[in-house]
Structures are given as C-alpha cells and as structure tokens.
Amino acid sequence: RQSPPPPPQSHPRITLIRGDITKQHADAIVNAANSSLLGGGGVDGAIHRAGGPEILEACRALRASHYGRGLPTGQAVATTAGRLPAHWVIHTVGPVYSPNDDRSALLTACHTNSLAVADTLGAKTIAFPAISTGIYGWPIADAAHIAIAAITTTATNVKEVRFVLFDDAAYEAFLRATQP
Ligand code: AR6
C-alpha cells in the first residue's frame with residue numbers, strides 16, 4: 001500500500017512592517033520569551049500585558065506538564081493568544097548574544113521551530129519580532145540575516161511570514177537582509 005503524498009510545502013512570502021506585534025491580525029504571533037515562560041520585559045511583557053492573564057495561565061500549565069525545567073533555547077511552543085487579535089502565541093527562547101561563542105544555529109532554530117509549530121496548528125500567517133535583538137543583545141544586522149535566511153530555506157505550509165519591526169533601525173536591517 002502506498003502512503004499518502006506529503007502535504008504540499010513551499011516557502012512563505014516575507015513581508016516587513018514597522019509596528020507593534022501585539023496589534024497584528026495574524027494566525028499566530030511569535031513571542032521572544034525566556035525559558036521560564038512566565039513573562040519578562042520587551043516584546044514578552046507587551047504580549048502578556050495586551051493578551052491578558054489567559055496567556056500566563058497557559059504558560060504555567062506548560063511549565064507544570066512538559067517543561068518543568070523551562071523551555072530550552074531555540075525551541076518553540078504555542079499557547080492561546082488570550083484577547084490579542086491573533087489566534088495563538090508561539091513562544092520561543094532566543095539565545096543571548098555572545099561575541100565569543102557562535103550561537104546563530106540557536107537563533108535559526110527559533111525561526112524554524114516556530115514555523116514547525118505553526119504548521120502543526122495549521123497557521124497560514126505568522127508574525128515574528130526581531131528575536132534576541134533587544135534585552136538579549138544580538139546586533140540587529142546580523143540577526144536580520146539569520147532570521148531571513150532561516151525563513152527562506154524552510155519548507156512550510158505557512159503562506160506569509162511578517163516581521164514586525166519596532167523601530168527604524170530594525171526595519172532597515174531587515175529590508176537590507178531581504179535584498180540580494
Ligand atoms: N512589537 C514588536 N517588537 C517589539 C515590541 C513590540 N511590542 N516590543 C519590543 N520589540 P526583546 P530579546 C522589539 O528585548 O532580545 C524579555 O524580558 C525590540 O525592539 O523583547 O529576545 C524576555 O522575557 C527588539 O528589537 O527580546 C527575555 O527575558 C525585539 O523586539 C528577553 O527579554 C526583541 O527584544 C528576551 O530578549
């Protein structure tokens with residue numbers, strides 16, 4: 001007996017916008033979380049504030065079940081998006097930047113694992129912030145290249161990946177990274 005053909009996969013369209021990820025109408029938005037999954041500053045704080053306590057409750061449940069020791073760096077997991085316009089929040093943990101240690105494979109993994117989670121959810125549109133480029137200190141130009149390369153080389157059923165950049169410098173860096 002033949003197994004069914006694999007579902008069609010292609011590369012998503014990439015769009016860049018300046019703005020606040022908590023305001024995005026997308027099937028899923030990605031949170032630049034920390035391993036605790038219990039909130040923090042930056043985009044993580046903004047998502048929990050705008051999404052309400054349902055997200056934290058879901059994160060606590062994940063800690064009590066699958067992730068007793070926290071979500072490892074580079075992995076991704078989904079929760080409800082509470083009262084945000086998106087349907088899901090995909091939490092991923094970016095690597096802290098180190099000039100002495102190449103952690104770019106972990107930053108790539110944040111993007112590919114978030115896309116894999118989106119595929120399991122059936123999400124077709126997903127919005128990413130510039131993971132690791134705030135509190136975790138990753139230089140924006142380098143992070144932009146890693147993020148764009150990860151998305152353009154990953155086969156997925158997601159149709160649109162939207163990078164939501166919080167300031168002009170981040171927007172410009174991502175724009176340059178998408179140009180040949
Ligand atoms: N929408 C889009 N981008 C945003 C928003 C927003 N509302 N707010 C900030 N940014 P950061 P990290 C940008 O620090 O470096 C937290 O405490 C910001 O300008 O949020 O991965 C977590 O709990 C920057 O370009 O995430 C972790 O402990 C980008 O989002 C730690 O910070 C990422 O900055 C994670 O650090």
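Counting from 1, the numbers follow the sequence of the chain as shown. Everything quoted here is computed from the prediction, not taken from an experiment. Whatever order the structure lists them in is the order used to number ligands and atoms, beginning at 1.
Heavy atoms of Ala170 come nearer than 4.0 angstrom to ligand 1 in no pair at all.
A distance below 6.0 Å separates the ring centres of Phe163 and Phe128.
When the heavy-atom distances from atom 8 (N) of ligand 1 to Trp138, Phe166, Tyr97, Tyr136 are ranked, the shortest goes to Phe166. Around atom 21 (O) of ligand 1, the closest heavy atom drawn from Gly94, Ser132, Ala143, Pro129 belongs to Ser132.
Close contacts of ligand 1 with Thr133, meaning ligand atoms under 4.0 Å from a residue heavy atom, involve 15 (O), 24 (C), 25 (O), 29 (C), 33 (C). Heavy-atom proximity to Gly41, at under 4.0 Å, picks out these atoms of ligand 1: 16 (C), 17 (O). Near Gly19, meaning under 4.0 Å from one of its heavy atoms, ligand 1 places the atoms 1 (N), 2 (C). Listed by number with element, the atoms of ligand 1 under 4.0 angstrom from any heavy atom of Asp20 are 1 (N), 6 (C), 7 (N). Taking a cut-off of under 4.0 Å to the non-hydrogen atoms of Gly40, the atoms of ligand 1 that pass are 17 (O), 23 (O). For ligand 1 and Asp44, the ligand atoms under 4.0 Å from any heavy atom of the residue are 22 (C), 23 (O). Listed by number with element, the atoms of ligand 1 under 4.0 angstrom from any heavy atom of Ala32 are 21 (O), 22 (C), 26 (O), 35 (C).
Within the 4.5 Å cutoff, no side-chain heavy atoms of Val96 are placed close to those of Thr73. For the pair Tyr97 and Pro139, the minimum side-chain heavy-atom distance is below 4.5 Å. When side chains are defined from C-beta on, Ile146 counts as touching Trp138, because their heavy atoms get closer than 4.5 Å. Between His91 and Ile55 the shortest side-chain heavy-atom distance falls below 4.5 Å. The shortest distance between side-chain heavy atoms of Arg69 and Ser35 does not fall below 4.5 Å. Using a 4.5 Å heavy-atom threshold, the side chains of Leu56 and Leu38 count as touching.
For atom 33 (C) of ligand 1, the nearest protein heavy atom (residue, atom name, distance) is Ala130 O, 3.2 Å.
Inclusion of Val43 in the set of residues having an N or O under 3.5 Å from an N or O of ligand 1 is warranted. In terms of N/O distances under 3.5 Å, ligand 1 is approached by Ile21. Some N or O of Ile135 is nearer than 3.5 Å to an N or O of ligand 1, by distance alone. Considering both main-chain and side-chain atoms, Gly134 comes within under 3.5 Å of ligand 1 through a nitrogen or oxygen pair. When only interatomic distances are considered, the shortest N/O to N/O separation between Asn34 and ligand 1 falls below 3.5 Å.
Side chain of Asn113 to main chain of Gly74: a donor-acceptor pair is present (N/O by atom type, distance under 3.5 Å, no hydrogens or angles).
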Quiz item: Checking side chain to side chain contact (heavy atoms under 4.5 Å, CB included) for the pair Leu107/Asp142: CA distance, chi angles, key distance, verdict?
Solution: CA-CA 11 Å; Leu107 188 53; Asp142 194 43; over 6 Å; no
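Cluster annotation: Val30 is connected to Leu121 through the hydrophobic network of ILVMFWY side chains, with a link wherever side-chain heavy atoms come within less than 4.5 Å.
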